[in-house]
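Basis for what follows: all heavy atoms, side chains included, without hydrogens, waters or symmetry-related copies.
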Amino acid sequence: MERQGVDMPHVECKDQELQPLGESKEQQQCEESREDEAGRGSARSQVSSPSIATSSANRQLMMLEGKSGSYFSSLESSIDNLKKRAQELIENINESRQKDHALMTNFRDSLKIKVSDLTEKLEERMYQIYNHHNKIIQDKLQEFTQKMTKISNLETELKQVCHTVETVYKDLCIQPEATTLEEEQAHKDGEC
């Protein structure tokens with residue numbers, strides 16, 4: 001991610017009409033004195049001659065010209081102050097963003113380290129569990145092998161017993177037939 005900064009646009013105010021943002025005490029006093037003089041001037045014009053009204057108007061015009069220069073110079077200094085403050089705010093924003101970027105980078109790095117540590121611990125625990133289960137499985141397999149060997153031995157014994165029983169049964173079955181054949185033979189011989 002790239003750091004994004006704020007750039008202050010270059011503003012030209014020379015051709016635009018300037019409007020005061022707020023009236024200063026000097027401007028308020030100037031307007032009050034003009035209103036007072038205008039009120040007096042209208043009263044004088046009713047009472048006095050037109051030459052007095054003209055001189056009063058000339059005085060007002062001269063006062064306005066003198067004050068307008070100071071008004072525009074104070075306005076320009078206010079604009080310069082506003083530009084400086086705006087530039088300072090932009091620089092503060094950019095510095096704050098740089099700090100935020102550094103903080104996020106540090107946070108990401110520390111998070112990677114912690115995740116790596118946690119993964120290693122989890123893996124170690126998993127292998128411990130595997131070892132424990134392997135021991136249990138090994139014991140069960142050994143027990144199973146022993147039981148299967150015992151079952152195999154019992155199966156062999158059972159086969160031998162079955163074979164013995166079969167042999168005994170055959171012997172028992174064959175002997176009566178042999179006896180009966182001999183008796184029959186003897187019986188036939190006696191008849192003859």
Side-chain angles (χ1 to χ4, degrees), residues 1-22 75-192:
M1 267 189 242
E2 285 188 24
R3 178 187 62 81
Q4 295 180 351
V6 177
D7 294 326
M8 179 162 173
H10 183 67
V11 179
E12 291 285 333
C13 298
K14 292 179 183 174
D15 296 335
Q16 298 175 355
E17 184 179 321
L18 299 174
Q19 296 179 352
L21 298 175
L75 183 62
E76 286 178 14
S77 68
S78 296
I79 290 172
D80 288 340
N81 286 338
L82 287 174
K83 285 181 183 179
K84 286 178 186 175
R85 286 185 61 202
Q87 186 62 37
E88 288 173 1
L89 286 173
I90 289 169
E91 288 172 1
N92 288 342
I93 289 170
N94 287 337
E95 287 175 14
S96 176
R97 287 183 180 182
Q98 286 175 348
K99 288 177 184 176
D100 290 345
H101 180 71
L103 179 70
M104 286 305 293
T105 302
N106 290 340
F107 177 72
R108 185 184 320 114
D109 293 342
S110 68
L111 190 62
K112 283 179 183 178
I113 291 168
K114 289 187 182 202
V115 167
S116 177
D117 290 344
L118 185 62
T119 305
E120 287 177 14
K121 287 178 183 177
L122 183 64
E123 191 175 19
E124 185 180 319
R125 180 69 179 137
M126 187 174 68
Y127 286 132
Q128 288 174 355
I129 291 171
Y130 283 176
N131 288 336
H132 176 71
H133 286 162
N134 283 344
K135 186 179 182 309
I136 292 172
I137 290 170
Q138 193 67 33
D139 291 344
K140 295 290 182 184
L141 278 174
Q142 188 175 359
E143 185 180 328
F144 176 74
T145 305
Q146 288 172 353
K147 287 186 179 182
M148 287 304 292
T149 305
K150 189 173 183 179
I151 288 173
S152 180
N153 292 338
L154 288 173
E155 183 181 14
T156 306
E157 283 181 30
L158 183 62
K159 282 181 181 178
Q160 287 175 355
V161 168
C162 286
H163 184 65
T164 305
V165 168
E166 182 182 355
T167 307
V168 169
Y169 182 74
K170 282 181 181 176
D171 286 344
L172 287 175
C173 289
I174 291 177
Q175 281 181 357
E177 286 180 13
T179 317
T180 53
L181 283 174
E182 286 176 11
E183 286 176 9
E184 282 180 18
Q185 196 74 8
H187 190 27
K188 284 182 184 179
D189 288 336
E191 288 180 2
C192 298

Quick check on Gln128: does its CD atom have over 12 non-hydrogen neighbours (other residues, nucleotides or ligands) under 6.0 Å away?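 It does: Gln128 CD has more than 12 such atoms within range.
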
Under-4.0 Å salt bridge between [X] and [Y]:
| X | Y | value |
| --- | --- | --- |
| Lys147 | Glu143 | yes |
| Asp139 | Lys135 | yes |
| Glu95 | Lys99 | no |

Check: Thr149 side chain, Thr145 main-chain N or O, donor-acceptor pair, under 3.5 Å: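 Side chain of Thr149 to backbone of Thr145: a pair is present.
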
Measure the spacing between [atom1] of [X] and [atom2] of [Y] and express it to the nearest 0.5 Å.
| X | Y | atom1 | atom2 | value |
| --- | --- | --- | --- | --- |
| Leu89 | Lys84 | CG | NZ | 14.5 Å |
| Ile113 | Arg108 | CD1 | CZ | 12.5 Å |
| Gln160 | Glu157 | CD | CD | 7.0 Å |
| Lys170 | Thr167 | NZ | OG1 | 6.5 Å |
| Ile137 | Lys140 | CD1 | NZ | 11.0 Å |
| Arg97 | Ile93 | CZ | CD1 | 6.5 Å |

Of the options Lys150, Met148, Gln142, which is the one that meets Gln146 in a side-chain contact (heavy atoms from CB on, under 4.5 Å)?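 One option only clears the test, and that one is Gln142.
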
Any side-chain heavy atom of Ile79 sitting closer than 4.5 Å to one from Lys83?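 Of all side-chain heavy-atom pairs linking Lys83 with Ile79, at least one is under 4.5 Å.
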
Within the structure provided, determine whether Leu118 and Leu122 are in side-chain contact (heavy-atom separation under 4.5 Å).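 SC-SC contact between Leu118 and Leu122 ruled out.
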
